[in-house]
Amino acid sequence: MPALAVVLGVAFVTGSLLYGDSVRAAVNRAQSNSQPDASVSITADPAVPHRLDDTLLRRLRALPSAAAARGVVEGRSFLVGSDGTLVGDLNQAAGVNYVPDGSGEDVRYPLAEGRGPRGAAEIAVDRRTAERAGYRVGARVRLVVAGTARDARLVGVFTAHDSRVDSGGTLTAFDTATAQRHFAPEPKGYSAITLTAAEGTSDAQLAQRAQKSLPSGLRAVTRADLESGAASDGDADKLTTLLLSFAGVALFVSTFLVANTFTMLSAARAREHALLRAIGATTNHVMRMVLTEAAVVGTAASAIGYGLGVGAAHLLGSLFDASGAGNATVPALSAKPLLAAFAVGIGVTVLAAYVPARRAAAVPPVAALRTVQPSTAASLRRRNTIGLITTACGTLLIAAAVGEPNLLFGAAPLLLVGLIVLTPLLALGVTGLLRSPLTRLAGVRGKLAVENARRNPRRTAATATTLMVGLAMITAVTVAVTSVNRYDEREADRSMASDLRITAVDFGEVGGDTAARVARLADAEAVTPVIPTYFDLSDKTPLSVTAVDPATVERAASLTVREGSLDRLGQGIAVTQEVAAAHGWRLGSHVTGSFTSPSGRTPGTKAGLPVVAIYDGPEDLTPALVSERVLPRPTGAEDRPNIGSVLVKAAPGRTAALQEEIRRALDNPALLVQDRADARAAATAQTEPFLNIMYAMLSVTVLIGALGVVNTMGMAVFERVREIGLLRAIGLDRGGVGSVLRLESVTISLFGSALGVVAGTAIGAAAVLGQEAVPLVIPWDRTALFFLASAAIGVLASLRPGRQAARIPMLEAIGADTE
């Protein structure tokens, strides 16, 4: 059992390292291969206005040291699969421009089938995306660009060595003119320009010469510099760190199982060790013997754990590829993970066995004459004192973390360590309280089970601790996520200002024509877009404003007008009571300032707006309203208004019908048409995958805890052979022996579960109470489920030891030597 626990921990470490390395290598490889023709890239300083256009492209192409120059246009583009859903990772879904050479091929996107796109109604996609979407060349496909769904003909499929595809995304290629209309930051502009070095010219020389032709705000960067910057991307490192943190928790719990096992073995071999001392063995010899045994166990566990870790990394890679996300290759042998596996496996096992080894070495030769081991109750006094002090400090820090959340990172580990040290005392107290109830419930079998759990409080504590740590972390995460979900549900209700709300999926956008198309539907009484932006006041103070349709906003949304009227919103501004009081504004006051474009590329449009209304409304429509018509006219893709949502007021009794009408009319899976119930569900849906991932990671820790219970019960049967025989002799049948072990196992499991749930609830509560406006919600249903799972662990852990105990012949058991 201790070897199996170490195997799981080592496998976690190895799998984490191998998987992280493989993902990092795959992304870097794709990054390196994605632009084979790019020797130098022209990058821009976002703070300095710049213009990448055909004039600059021609100037750079004319450089003697440049063999070619390419204008790059890229942006967000979603592809709809044949099943009507969006394909791939939306964060990595990109649209690019296809730039054919004289043969009609693009060196960056070599064709596998068909040809490149030549007009606005044609596209090409990467081969992996075509396979996932179920499309072949010639098919009519649907895509979403700039928030609007449209149809196009698939004319080509290409091979893409691109990090976005390897990260689960999609590539959709357009001809350059179409890509510029969709994605260019300005009319007929480019997102970037790349240069190919002429023969005999190094990348550094080309960059130096190109820099002299660039205006202020632009910089020529070599391919090597770009790749080194991409390699420093910490996504893979963050992933590895996250996995290793869970592996560390699993190994931490494994130490208790290893230590508990060697403690029990040392107690069982006390006479053997004493005899060795009596015939001349030194304390160092006995200690080395025990530690060598631990090293052998750790070595074997490390070898097996490394093999399982390779399999785990391959499994993760297969799941990654199964989702179409990458081509990460996991090596069978890798120096760093291999060294880490053996260092961790052997180190953890030997370290955990050190204290039991010292105890084994301290057994005096005279102990060879003893038939029983002395009581260990007196040795708990110092431990209890330290545990009480540590637990008290951890509890105080947890309480202090309510006002200072950063303290939680130190308070939670301190509280858990304190409880670990204090567990023997708590075990004696809790089992003492359970003695009478279990005796009344199960008679003498219940009393025997409790007394067996109390017999060695250190062992009971070590066994319960393996369950406590995992359940504490699971409970803390559950409390925090459940509370955040409740907050999100409330916010979703508060922000739902109309019967229906149209929003974009993550990383998507709402098309500029969406509100107009919905307004044409028969059951739509009032429709308004909601465009959050900023109005820079004359004193340079930014005022958050929301641009809406002035003719429909009052009917479409739940607004309460305190003074004035929204009828004149087309020529003015409406503000909330708080904003009016803060700035000293009244009806008729003139608010002067300027609107800035979303990209900040174009100068602000100055405006003087009278205050036409003072109102109250939901958060999405506060603290100020203006007409959408006063916003600056967009000059490119980056200056398009960022429409946050579209609010829709339905005809009485027609909300559900209108919802379906909108979905059919828009036919756009990148837009969500939500009523109040949908909004609440969407608000909590994002945390469910996170919670499931946490459960999956921490389940390894709980599994190790279950192994600890199995291990303890198995050792208990080994130590109690004569006792079991005597119980059988005085009338306890085989079922009774099994029930005693079962009750003892369940008692220990529930004790560890109770400690974990209480500690985890305290940690989770402190995390929640430290966040303003988030209500504390204790998930009683899941807490009850944790206790039921712990009881099940206790029952399952006792099955095999119970069968072993029941099979021991009575006469053989009575005559057995306890040593």
Side-chain angles (χ1 to χ4, degrees), residues 90-91 242 397-409 411-412 415 471-508 510 530 532 544 546 557-560 576 578-579 616-623 642 644-647 672-698 756-786:
L90 303 185
N91 187 33
L242 177 64
L397 278 177
I398 287 289
V402 173
E404 186 59 46
N406 288 334
L407 289 177
L408 199 61
F409 295 102
L415 176 63
L471 283 172
M473 298 185 67
I474 288 176
T475 304
V477 171
T478 303
V479 169
V481 170
T482 304
S483 300
V484 170
N485 281 348
R486 182 67 57 82
Y487 171 78
D488 289 341
E489 287 178 348
R490 291 182 181 177
E491 289 301 302
D493 278 336
R494 291 173 53 189
S495 65
M496 196 67 182
S498 60
D499 295 333
L500 296 173
R501 181 177 62 188
I502 303 172
T503 59
V505 297
D506 290 342
F507 312 109
V510 179
V530 176
S544 176
T546 303
S558 302
L559 300 178
T560 303
T576 60
E578 292 79 4
V579 170
D616 292 329
E619 184 176 352
D620 285 356
L621 296 174
T622 57
N642 178 24
S645 62
V646 173
L647 303 182
L672 305 175
V673 185
Q674 300 172 328
D675 58 15
R676 291 186 180 275
D678 294 331
R680 286 194 297 269
T684 59
Q686 297 179 356
T687 59
E688 196 64 29
F690 167 77
L691 191 59
N692 291 335
I693 291 172
M694 295 296 290
Y695 283 166
M697 296 293 183
L698 293 173
V757 168
V758 171
T761 300
I763 295 170
V768 171
L769 295 174
Q771 303 300 317
E772 186 177 356
V774 178
L776 175 61
V777 180
I778 306 298
W780 298 111
D781 53 344
R782 299 208 182 192
T783 302
L785 185 61
F786 296 157

Tell me whether [X] contacts the main-chain N or O of [Y] through its side chain, where contact means a donor paired with an acceptor under 3.5 Å.
{"X": "Arg676", "Y": "Met496", "result": "yes"}
{"X": "Ser498", "Y": "Ala557", "result": "no"}
{"X": "Thr482", "Y": "Val479", "result": "no"}

From CA spacing to verdict: side chain to side chain contact (heavy atoms under 4.5 Å, CB included), Asp678, Leu672: CA-CA 9 Å; Asp678 294 331; Leu672 305 175; over 6 Å; no
Rounded to the nearest 0.5 Å, how far apart are [atom1] of [X] and [atom2] of [Y]?
{"X": "Leu559", "Y": "Thr622", "atom1": "CG", "atom2": "OG1", "value": "9.5 Å"}
{"X": "Glu491", "Y": "Arg494", "atom1": "CD", "atom2": "CZ", "value": "4.5 Å"}
{"X": "Ser558", "Y": "Asp499", "atom1": "OG", "atom2": "CG", "value": "8.0 Å"}
{"X": "Glu404", "Y": "Leu397", "atom1": "CD", "atom2": "CG", "value": "11.5 Å"}
{"X": "Asn485", "Y": "Arg490", "atom1": "CG", "atom2": "CZ", "value": "12.5 Å"}
{"X": "Asp781", "Y": "Thr783", "atom1": "CG", "atom2": "OG1", "value": "7.5 Å"}

Heavy-atom distance under 4.5 Å between the side chains of Pro623 and Ser544, does that happen here?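 With C-beta onward as the side chain, the pair touches.
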Within a strict 4.5 Å, meaning less than it, do heavy atoms of the Asp506 and Asn91 side chains meet?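 Asp506 does not reach Asn91 side chain to side chain.
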Going through the checks in order, is the side chain to side chain contact (heavy atoms under 4.5 Å, CB included) test met by Val477 and Leu691? CA-CA 8 Å; Val477 171; Leu691 191 59; 3.6 Å; yes
Please name the pair of heavy atoms, one in [X] and one in [Y], separated by the smallest distance, quoted to 0.1 Å.
{"X": "Ala400", "Y": "Leu407", "value": "CB-CD1, 3.8 Å"}
{"X": "Glu489", "Y": "Ala683", "value": "N-CB, 4.5 Å"}
{"X": "Leu408", "Y": "Ala767", "value": "CD2-CB, 3.4 Å"}
{"X": "Val768", "Y": "Ala480", "value": "CG2-CA, 3.8 Å"}
{"X": "Tyr695", "Y": "Ile474", "value": "CE2-CG2, 3.4 Å"}
{"X": "Ala504", "Y": "Val510", "value": "N-CG2, 3.9 Å"}

Could you walk me through whether Leu647 and Asp620 pass the side chain to side chain contact (heavy atoms under 4.5 Å, CB included) test, one step at a time? CA-CA 11 Å; Leu647 303 182; Asp620 285 356; over 6 Å; no
Residue list, side-chain hydrogen bond (donor to acceptor under 3.5 Å, both in side chains) with Thr475, at least two apart or on another chain: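 For Thr475 there are no side-chain hydrogen bond (donor to acceptor under 3.5 Å, both in side chains) partners, ignoring immediate neighbours.
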